[in-house]
Every structure is written in structure tokens, then in C-alpha cells.
Amino acid sequence: MEPIRDRQTTHPAIEDLRRHIGAVVTLDGSVETLRDQKRMQFLILNRHGGAVQVVHEKAGADDRLAQRLGALTPGSAVTRDGNREGGGFGQAERP
């Protein structure tokens, strides 16, 4: 499977995320879990029968996105654009 490496925003299905490494993607869904660490935040987003992990590296005390993410509760509906990175983070498929 050949990766898609474009800069246009796409709305991939969970099972297609691995093909969008380096691309800007839009994810929407409901919050399952938020882990708010000192320097990082990890959000599990339920989306169309699957789940994806969204990772945010905090940029300090004035990081408005970190403040907004920290206020989310399970079941919150979110839509977010971001860069699909490769590596150990990414999707978690549900049966």
C-alpha cells in the first residue's frame, strides 16, 4: 500500500489512516478517553465504529489548544485538522 503524501486536507476512514502519513487530515468523532499529562495529551476519538488516538504536545502555560482539550469530557463531539504522523501512535481499530 503506497502512502499518500499531499498537503491537502482529507477525511480518511480509520482503516485508511495509514495511507495518509504526512498528510493533513480532518478527524471528527466523540471523545472516549483523555489522558492529560504534564507535556502531552492523548485523546482517544471514537469515529464510525473505530477509534483513533490524537496526540498533542503542550506548548506551555499559554497553550490554548491544551486548555480546550483538557476541558473535554467523554462523549464530547470534536472535529480537528492535524498532520498524520507515522510511528507508534495512530489508529486503534475496534472489532
Side-chain angles (χ1 to χ4, degrees):
M1 179 179 332
E2 187 65 30
I4 298 171
R5 297 189 185 275
D6 59 15
R7 297 307 304 169
Q8 296 180 357
T9 301
T10 61
H11 296 79
I14 293 287
E15 60 271 8
D16 293 332
L17 277 173
R18 65 180 57 103
R19 294 182 53 229
H20 294 269
I21 294 172
V24 176
V25 297
T26 298
L27 297 176
D28 56 358
S30 62
V31 174
E32 179 179 315
T33 306
L34 172 68
R35 285 190 4 240
D36 197 348
Q37 306 292 317
K38 183 176 181 178
R39 294 186 179 111
M40 303 285 288
Q41 290 169 305
F42 302 91
L43 175 72
I44 303 297
L45 189 64
N46 284 320
R47 159 166 216 273
H48 308 294
V52 64
Q53 179 171 262
V54 177
V55 178
H56 175 66
E57 185 174 359
K58 294 179 180 179
D62 296 336
D63 187 341
R64 294 181 68 174
L65 178 57
Q67 293 168 6
R68 292 182 72 187
L69 286 174
L72 293 174
T73 59
S76 297
V78 296
T79 299
R80 184 70 185 150
D81 292 339
N83 191 18
R84 167 60 172 102
E85 301 289 336
F89 299 112
Q91 68 187 48
E93 294 181 25
R94 298 281 167 130

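Of all the heavy atoms in Ala51 and Asn46, the pair that sits closest is CB-OD1, 3.9 Å. The heavy-atom pair separating Ser30 from Gly75 by the smallest distance is CB-O, 4.1 Å. Here the closest heavy-atom approach between residue Gly70 and residue Leu34 is recorded as CA-CD2, 3.8 Å.
Side chain of Glu32 to backbone of Val52: no donor-acceptor contact under 3.5 angstrom is found. Side-chain atoms of Lys58 come within 3.5 Å of backbone N or O of Gln37 as a donor-acceptor pair.
Residues Leu43 and Thr33 are not in side-chain contact: their nearest non-hydrogen atoms beyond the backbone lie 4.5 Å or more apart. Contact check for Leu69 versus Asp36: no side-chain heavy atoms found under the 4.5 Å cut-off. The shortest side-chain heavy-atom distance between Thr73 and Val31 does not fall under the 4.5 Å cut-off. Two residues are said to be in side-chain contact when any heavy atoms from C-beta on lie closer than 4.5 Å; Asp28 and Val78 fail this criterion.
Partner of Gln41 under the side chain to side chain contact (heavy atoms under 4.5 Å, CB included) criterion, out of Glu57, His56, Arg35: His56 alone.
Between Asp63 and Arg68 there is no salt bridge, since no side-chain nitrogen of the basic residue lies less than 4.0 Å from a carboxylate oxygen of the acidic one.
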Go through the steps for Thr26 and Thr79 under the test side-chain contact (heavy atoms from CB on, under 4.5 Å), then give the verdict. CA-CA 7 Å; Thr26 298; Thr79 299; 3.8 Å; yes
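Taking CD of Gln67 as the start and CG of Asp62 as the end, the distance is 7.5 Å to the nearest 0.5 Å.
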